[in-house]
> 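Take this structure, written in structure tokens, and hold onto it; I'll ask about it next.
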Amino acid sequence: MTDLAIETRGLRKQYGATVALEALDIRVEAGEVFGFLGPNGAGKTTAVKLLLGLTRPSGGEGSVLGRPLGDLGARRRIGYLPELFRYQAWLTAREVLDLHASLAGLPSNRRRAEVDRVLALVGLVGRDRDRTGGFSKGMQQRLGLAAALLGDPALVILDEPTSALDPVGREDVRAIIRDARERGSAVLLNSHLLGEVERLCDHVAIVNKGRVVAAGSLAQLLGEQAVRLHVTGLASAADPSTSPLASFGPVSVDDEGWLVVRPVDPERIPDLVAAVVAAGGRVHAVDPGRRSLEDLFLGLVRDDNADNATEPADDATAPAA
Amino acid sequence: MSPRLVLVIASLTLREIARRRILWVLLGLSIASVVLVGWGVDRLVTFARAEDVDELQVRIGVSQVLILIAFMFSFVLAMSAAFLAAPAIASDVETGTVSAMLARPLRRAELVVGRWLGLALIVAGYAALSGLLAIAVVGLVSGHTPPSPGVAIAFLAFQSVAVLTLALALGTRLPSIAAGAITVVLFGLGWFAGVLSSVAVVFGAAPLGALGDTVRILIPTDGLWRGVIYGLEPPLVILATAGRNAQAMRANPFFAGEPPPAAFVAWSAAWVLLVLLAGIAMFRRREL
């Protein structure tokens, strides 16, 4: 049996007439990093609050670590970094962590070592005796991350963990998330920074207007390998009927004037370049790669918003089992 | 409910108030007022004795001054309790601190009860300390000590705990400023109802009296204030009013001829519990 960190079926939340979450279906396996994406107002934070029992669902069902939503026993094994928050400004960083360790029920003889461990992990050693009221946003976020990682929780829920961090800080957080996965935690990562999600996540769900419009592994979602070439002196290349590249795959021209072959077998890219050269083309640049998560995200959200809300999502990107 | 978690929240609350310096400011102001009161009473007594005023009259005068001081003090205490307790949960909801805490295995009831316990300890401790200090200083300079200072201080603390419970409970649902303001208005209304029903007794206006009494049961703070007065009122004054001017004295909001009935005290304790339970119920239903 596969252990599921999170499973929801048709989870719904309505505030009066406003539907914040229409029907959420996601599955997060134990020990994986799961990217939870969507535009502002898609219902991501509502979903996180439902998972933690901070609000009650209007419909549907779900379980976290095999227990009902909001279950106290499950909450003992969850670390959570909220999106918009401030810790008690009059407490020092160490005291905040000590409070959370004690609320989480960590035995008192283990608390100090555990607080030291997470302080070192997020780079707050030396600032641990300072009051959090004087912390920058970035330091607050590091502290929040440290609190979320206390006691190696089975599930870590991070709501925009890097929004206040500089590029160095973001790289640190990526390392921390990978480390958490290695220590056996499942991570639900809610982020707008798609490059970050792409680098970290095993599985991804994209939500829009309160429901999942695409879900699956990154390989499934971005599967098609493509190649982009900047070529001059080969006017015929873009015409599918005459292009020397037609035998490699469907050819198109992107908005920067580059030739795009998608899908393409990555093994044949050198042959493809040789074919362009043989036909008299001058190759200035070759950009192998698959569709970025950003392209997928923008495409899906735009299509979904253009569609009538009653139409089902595109089959090719329908939620994966 | 886990007693351990209630204590964690209570000690967090104590630490918060100690760190935020408000307690020290209040304590400093109280000590300053006690010094001022001591000086004033000393002047008064010295002046009266120099004028050969009868010692009994001096004592009665000092006892009435002490009751007035206690009134002012109870008002300050009620305001402080309201403005300490109103944001205790409300502002944690506003800053999102509460979401981070409630994602832990912490029940909402434990958070509310822990907050209540911490605040009640602070407010009751503060009432006891400053009250005893004021009574001791007045005793030192005038030789007058009230008949039952312990009773007066217990009722003073009880009254402040009632006010803080109301502010805390309202703050589980309302923004802190609204919760604080409503509490202060209700407290004022309770006191006004007390005056009104006393006046109604004198003028024999039964419907007015019934209205005042109803409000005093719904908001028991005024009834508890009567307990403070009773603890400070010299038996001589009570005896003196047993005569024909008793009715007029009963209209005086600074006079109490008898202690609050035991049933009323029990009701007040139940009221605190009910308001606290209502606060817990509102907070549990609240969407965060």
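The figures that follow rest on heavy atoms only: side chains count, while hydrogens, waters and symmetry mates do not. Just so we're on the same page: letters track the sequence lines, and every chain starts at 1.
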> Just verifying a value: how many Å separate Leu288(B) CG and Thr55(A) OG1, rounded to the nearest 0.5 Å?
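Here the interatomic distance stands at 8.0 Å.
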> Are any side-chain N or O atoms of Thr97(B) and backbone N or O atoms of Gln88(A), one a donor and one an acceptor, separated by less than 3.5 Å?
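No: the side chain of Thr97(B) does not pair with the backbone of Gln88(A).
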> Rounded to the nearest 0.5 Å, how far does CH2 of Trp90(A) lie from CG of Leu12(B)?
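Nearest 0.5 Å value for the CG-CH2 distance: 4.0 Å.
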> Would one find more than 12 heavy atoms of other residues, nucleotides or ligands at under 6.0 Å from atom CZ of Arg9(A)?
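Enclosed: over 12 neighbouring heavy atoms sit under 6.0 Å from CZ of Arg9(A).
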> May I ask you to check whether over 12 heavy atoms, not counting those of Phe192(B), lie within 6.0 Å of atom CZ?
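No.
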> Counting only heavy atoms not in Arg21(B), do more than 12 fall under 6.0 Å of its CZ?
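Open: at most 12 neighbouring heavy atoms sit under 6.0 Å from CZ of Arg21(B).
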> Kindly compute the distance separating CG (Leu106(A)) from CZ (Arg104(B)), expressed to the nearest 0.5 Å.
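One gets 9.0 Å once the value is rounded to the nearest 0.5 Å.
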> With only heavy atoms counted, which part of Ala89(A) is less than 4.5 Å from chain B, the side chain, the backbone, both or neither?
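No part of Ala89(A) comes within 4.5 Å of chain B.
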> Select one option (side chain, backbone, both, neither) describing which atoms of Arg286(B) are under 4.5 Å from chain A's heavy atoms.
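The backbone, not the side chain.
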> So, taking the atom named CG in Leu106(B) and the one named CZ in Arg76(A), what distance separates them when rounded to the nearest 0.5 Å?
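Answer for the CG-CZ pair, Leu106(B) versus Arg76(A), is 11.0 Å.
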> For the CD atom of Glu83(A) and the OG atom of Ser99(B), what is their distance to the nearest 0.5 Å?
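It comes to 11.5 Å.
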> Search all heavy atoms of Ala104(A) against all heavy atoms of Pro105(B) and return the closest pair with its distance.
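Heavy-atom minimum between the residues: CA-CD, 4.0 Å.
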> Is it the case that over 12 heavy atoms from other parts of the model lie below 6.0 angstrom from the CZ atom of Arg86(A)?
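No.
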> In the structure I gave you, are the side-chain heavy atoms of Arg19(B) and Leu91(A) within less than 4.5 Å of one another anywhere?
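Of all side-chain heavy-atom pairs linking Leu91(A) with Arg19(B), at least one is under 4.5 Å.
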> What distance do Glu287(B) atom CD and Arg56(A) atom CZ have between them, rounded to the nearest 0.5 Å?
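With rounding to 0.5 Å, CD (Glu287(B)) is 5.5 Å from CZ (Arg56(A)).
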> Going through the checks in order, is the side-chain contact (heavy atoms from CB on, under 4.5 Å) test met by Met101(B) and His100(A)?
CA-CA 7 Å; Met101(B) 287 175 40; His100(A) 278 264; 4.3 Å; yes
> Just give me the residue among Ile157(A), Leu72(A), Leu52(A), Leu81(A) that pairs up with chain B most often, heavy atom to heavy atom, under 4.5 Å.
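Among Ile157(A), Leu72(A), Leu52(A), Leu81(A), the one with the most close pairs to chain B is Leu72(A).
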> By a 4.5 Å heavy-atom criterion (distance strictly below it), what part of Leu103(A) contacts chain B: side chain, backbone, both, or neither?
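Backbone plus side chain of Leu103(A), per the 4.5 Å heavy-atom cut-off to chain B.
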